[in-house]
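Within every chain, numbering begins at 1; the chains are lettered A, B, ... in the order of the sequence lines, protein sequences first and strands thereafter. The structure presented is a predicted model; accordingly, all values stated were derived computationally and were not measured.
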Amino acid sequence: MRIAVKLRMDGRFADLRRHLASPEGLLKAGCERLAADVQRHVLNLNRHATRAALDARSTTSARATNHYQEGARSIHVETGPGFAAVVVPIPGISRAFRDLTIAPRNKRALAIPINSIAYAQSADTLKAKGWQLFSSPRKPGICFGRRDGEVRALYALKSRVHQRQDRSLLPNDTAIRLALTRGAVDYLKGLGK
Amino acid sequence: MTAADIQRIKELLPTTLGSEDIRATYAREILERSVFSARMASIPYLERIRDVCRRVAAGELNDEYARTELMNTLADMGHSPTDDGGLANPASFRRLDLIVKTQRQMAASVAKIANQTPETVAAVPAWELMRFAPRSAPRTDWARRWEAAGEAVGWDGALPGVRMVALKASPIWFALGNGAGGWRDTLGNPYPPFAFGSGLDWMGVGRDECVALGLIAPDESAPTPEPPSLEPPEDELARLEREWGISFEVES
């Protein structure tokens, strides 16, 4: 996901504009600051509800994915002639701005983990770990797994999943514009030194 | 800016939400500038909390009298310490004690950060998180919290190991305050108290010791932590746009 940014300067800065070869420095400085703030925000997301819920009804602990924390490392700024953007390459993060509907791409159904064993593990991974996966006509929509004589309900099978917008995944609109403005103002102050 | 100043300028945030929902609903910056209490929508009571906590921060009132003042205000509202509900009872001793201690420690921490300058950071570049106040049932998981927070930020400016030492500007303080690793009793602040009722606080670590510990190189200068902004973000944005004549448009 990209947060694209445009800069507006009012007439009072005609003089300053003459000193700036282009306003790109301002854009870049603003975006660098925004990227840092977005990184910090994402790094501090504390989303463990799904894993905690699975752990609460299982005897084993789900493996932590650190989805947002790992993703935060990839946040960066992209600039080019007349544009700048903060790139947040984290799957699902665009849910900060809109609802998301997820549908299977190459499979018949989405496999939603309902057991801590299956959390952050694809069906293919579990098969490779020796789980034999099957479904039962008596419990449609559930994927079971069998290994070493043990049978567990592992996934709920869904044709699609709708996720509601969660604006708290990224800084709010004011915080985004404030970060950009703070970065740009720091850059302008630096020019004066 | 003193801790008492910080309490004085706080805004009131009446809410019917519980602690976890408050943290999920409001941005940290809003909570930092606000006086709030879980499931408490009474503005007069929040005003009383603000006033009492300002006097505690200024050293004009001790904890016992602070709790009594709050209890008396709640008694006028029909609450009693003997009501059921434990910590959810606004008049319970534990709840009042938690409010007074948490507000005092938070204001002191914000004042501590707000007063950092390149000079103070040069002399004392780091903080060590250590126990100041004993607790009858102290948390035993601080080492695991520290490890989880450190790993979440790649040990940026922080030391792994038994001593919880990190540069003042290290992001580990944010991670610790946000419960990195899944802890849910944190307050969302990058400063003590890092969890409800915690008796841990910051002790400064001098430059020589930071160099000896390997936190900074002998010729390296430590970064200054960003002071918490007590100006509402909307106001700061409008002021900067007005003063500098620039504004940004965002598409996502």
Exercise. Test side-chain hydrogen bond (donor to acceptor under 3.5 Å, both in side chains) on B/Trp183 and B/Asp141 and set out the steps.
Key: CA-CA 10 Å; B/Trp183 277 272; B/Asp141 53 13; 2.9 Å; yes
Exercise. With a 4.5 angstrom heavy-atom cut-off, could you sort out which part of A/Arg177 is near chain B: side chain, backbone, both or neither?
Key: both
Self-check item: Heavy-atom contact with chain B under 4.5 Å, split by part of A/Leu178
Solution: both
Self-check item: Residue among A/Met1, A/Arg182, A/Arg2 with most heavy-atom pairs under 4.5 Å to chain B
Solution: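 Highest number of pairs under 4.5 Å: A/Arg182.
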Exercise. Pick whichever of A/Leu180, A/Ile3, A/Val5, A/Leu34 has the most heavy-atom pairs under 4.5 Å with chain B.
Key: A/Leu180
Self-check item: Distance-only polar pair, side chains of A/Gln121 and A/Lys129, donor-acceptor under 3.5 Å
Solution: yes
Exercise. Check whether more than 12 heavy atoms from other residues, nucleotides or ligands sit under 6.0 Å from atom CZ of A/Arg167, and answer yes or no.
Key: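 Count over threshold, so yes.
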Self-check item: 4.5 Å side-chain heavy-atom contact, A/Arg40 and B/Phe174
Solution: yes
